[in-house]
Amino acid sequence: MTDQIMTDRIMTDQIMTDQMMTDQAARTEFHPRWYRERVSTWWWLGEWHYLKFILREVSSLSVAWFVGLTLFQLRALLHGPVAYARFSARLQSPVMIAFNLIAFCFVMFHAITWFNLAPRAMPVRIGGKRVPEFLVAAPNYALWIIVSAFVGWLLLRTP
């Protein structure tokens, strides 16, 4: 019995000593550092799927741009015809047209990559089997086309 108590006491002392040494080692300036290979700032240019991921994340800024632009357009509408004419004149400058075309391309890229990501983010199972990805993504594209056609019809019809 005494041997067991001594063994337990030694083990407890050893654990406490190890813990104290670990705590002290964490606080010293000579604590060993793990080797980590340096990664370039431009790591995402190395492979297409990394580049696509970064472009998709950056493309959300274009979405924010169009939201802000719509809010400013509504503000100009609320302030009357003169304010809206000034707003429209600003949008007709070549720089704004080019910027909006680039932003539109990014928004399209954002939407397409988001629709393609939907089947992976929300896998659908019927009868224990996973539904093919294109069957999950297809309704998104179909609804997008229908809504776009309806909005185009609203904008292009003659009153």
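These numbers come from the heavy atoms of this one structure, side chains and all, not from hydrogens, waters or symmetry mates.
- The shortest non-hydrogen separation linking R130 to E133 is NH2-OE2, 4.4 Å.
- To the nearest 0.5 Å, atoms NE2 (H110) and CG (L61) are separated by 10.0 Å.
- Looking at S88, its side chain never comes within 3.5 Å of a backbone N or O of A85 through a donor-acceptor pair.
- Taking hydrophobic clusters as Ile, Leu, Val, Met, Phe, Trp and Tyr residues chained together by side-chain heavy-atom distances below 4.5 Å, L117 does not share a cluster with F134.
- N140 and W114 share no side-chain donor-acceptor pair at under 3.5 Å.
- Linking ILVMFWY side-chain heavy atoms closer than 4.5 Å, directly or via other members, places F87 and M96 in a single hydrophobic cluster.
- Across L69 and L91, no two heavy atoms sit closer than the pair CD1-CD2, 3.8 Å.
- When the shell of 6.0 Å around CZ of F104 is examined, it contains 12 or fewer heavy atoms from other residues, nucleotides or ligands.
- Of all heavy-atom pairs between A103 and S62, the closest is O-CB, 3.5 Å.
- Residue W153 is not grouped with residue L155 when hydrophobic side chains (ILVMFWY) are merged at heavy-atom distances under 4.5 angstrom, including chains of intermediate members.
- F106 and W65 have their aromatic ring centers separated by at least 6.0 angstrom.
- Enclosure of atom CD1 in I126 is not indicated, since only 12 or fewer non-hydrogen atoms of other residues, nucleotides or ligands lie within 6.0 angstrom.
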Begin with the C-alpha distance, continue with both residues' side-chain angles, and end with the deciding distance and a verdict on side-chain contact (heavy atoms from CB on, under 4.5 Å) for R120 and V136. CA-CA 9 Å; R120 295 185 190 123; V136 177; over 6 Å; no
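- In terms of hydrophobic clustering, with Ile, Leu, Val, Met, Phe, Trp and Tyr side chains grouped at heavy-atom distances under 4.5 Å, I102 and V63 are assigned to different clusters.
- The structure places CD of Q73 at 4.0 Å from OH of Y84, a figure rounded to the nearest 0.5 Å.
- To the nearest 0.5 angstrom, I112 atom CD1 is 10.5 Å from S59 atom OG.
- Ring pair F115/Y141: centre-to-centre distance below 6.0 Å.
- From I54, atom CD1 reaches atom CH2 of W42 across 11.0 Å, with rounding to the nearest 0.5 Å.
- Residue F66 comes nearest to V107 through the heavy atom pair CD1-CG2, 3.6 Å, listed as atom of the first residue, atom of the second, then distance.
- Distance check: L55 CG to W44 CH2 gives 7.0 Å after rounding to the nearest 0.5 Å.
- Both L143 and V151 belong to a common hydrophobic cluster when Ile, Leu, Val, Met, Phe, Trp and Tyr are linked at side-chain heavy-atom distances under 4.5 angstrom.
- Distance check: T113 OG1 to F109 CZ gives 5.0 Å after rounding to the nearest 0.5 Å.
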